[in-house]
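I have placed the structure first, in the form of structure tokens, so that the comments after it can refer back to it.
Every number for a ligand or one of its atoms is a count from 1 in the order of the listing. Just the heavy atoms: all of them, side chains too, but no hydrogens, waters or symmetry mates, feed the values below.
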Amino acid sequence: MHKVFQVGAKTFVLDQAKAEAAFAAKKVINGRETMTFNLLPLKYQWAYDLYRTMKANHWEPEDIPMGKDIEQWRDEKIVSDVERWIIRMGIGYFSAAEGIVGDNIQHVVRELVTAPELKLVLGRHAHEENIHADSLLYMIASLGINPHECEAMFEDVPTIVRKNEFVTKVSKELRRDLDLTLPENKRLLAKNIFVFGQCMEGTQFYGLFGMILSLYRQNKFPGIGQMFRYTLRDESNHIEVFRNLFMDLVEENREIWTAEFKEELRELMREAIKLEKEFIRDCLPVNAVGLAVEEFLTYIDYIADRRLEGCGLTPLAAGVKNPLPWLAEMMDIKKEQNFFEGRVTEYQKASSLTVASDDEL
Ligand code: FE
Ligand code: MN
């Protein structure tokens, strides 16, 4: 069926069949490749919606004052050695982990997916990793930490090295020419998306989120805590981006979803949990004021099971209760920060102007 649009002497013909074929050719992988980045018609509505949510949460490190943190960092009476050690581990781990995630998005995942709206949200995701990396630079500079120290931690702390190897391994496997029509290669990509989204960002980031934000709840390092709250909120969207991507990839390629593959993914999560628990014990060698090691370890079991369930996989430690219920509330950043209020509102307004309602699309 053809529909003709006419403006004066000019006409434009919409070929309905051709438009529908183009829509059907939109796929997570092995879809139509065009150089024109055709966002419309949207097939993956969730990707566009998450892109808008992420954009509305925009923040910049320099908006957060660090005066109080600098004062506390220097005062032996206010901050203990254990607390200072947690901050160092946090800065040391995240300053490179954010880069690993961003690099995997740009050079692996965004390269391999074919639908433009998926590339759009992945572009935003990668940009947020740049903001996170920049926030760590800002923390390092504010506290006067020697930048080489962070690099040394990344290379010399065995629990950090092992966490990194766990993820870089599944990234390297995909950095070559791959025939993505083969089930084994589809599984490599699904594994990458699962490991980065659910095991790393979804589980292995949470030991430090828990520890640093529990210091923040005790009014320690308010600037760093604030940045970690924004980061936690961003990460929750990243986990959702990768979860949706994973689910749609599986949905469109059902042949990969075997009992064996499901078990392989659960095993990867099991390994991720083990590495994270060893890392938590390194960060918090003894129970310090208001910080109980056991709670953080249990939290990892709890959150890992939520990630598995989110991907349609059987939990590993079913029935574990959330020992840190306050952590979820930390993402709920409303209008409490006056210095930030104006900007958040501005971004929200700007984003609502570009919205085409769902039934228009
Ligand atoms: Fe991040
Ligand atoms: Mn992230």
| field | Check: Phe209 and Phe228 side chains under 4.5 Å, non-hydrogen atoms | value | yes
| Just how far is it from atom CG of Leu118 to atom OH of Tyr48, taken to the nearest 0.5 Å? | 14.5 Å
| request: For the atoms OE2 of Glu201 and ND1 of His238, give the angle they form at the Mn ion (ligand 2), rounded to 10 degrees. | output: 110°
| task | Return the name of the atom in Glu129, of element N, O or S, nearest to the Fe ion (ligand 1). | result | OE1
| Which N, O or S atom of Glu98 lies nearest to the Fe ion (ligand 1), by name | OE1
| message | Restricting to N, O or S atoms, which atom of Glu235 is closest to the Fe ion (ligand 1)? | response | OE2
| query | Tell me, do Trp59 and Ser135 make a side-chain contact under 4.5 Å, heavy atoms counted? | reply | yes
| task | Name whichever N, O or S atom of His132 ends up nearest to the Fe ion (ligand 1). | result | ND1
| field | Short N/O/S contact of Asp234 with the Fe ion (ligand 1) (below 2.8 Å) | value | no
| field | 2.8 Å cut-off met by an N, O or S atom of Glu128 to the Fe ion (ligand 1) | value | no
| query | Is the distance between the ring centroids of His125 and Tyr51 under 6.0 Å? | reply | no
| message | Is the shortest side-chain heavy-atom distance between Gln198 and Thr203 below 4.5 Å? | response | no
| task | Tell me whether the guanidinium CZ or amine NZ of Arg162 lies under 6.0 angstrom from the six-membered ring centre of Phe166 and within 45° of its axis. | result | no
| Which angle, to the nearest 10 degrees, do you find at the Mn ion (ligand 2) between OE1 in Glu235 and OE2 in Glu129? | 170°
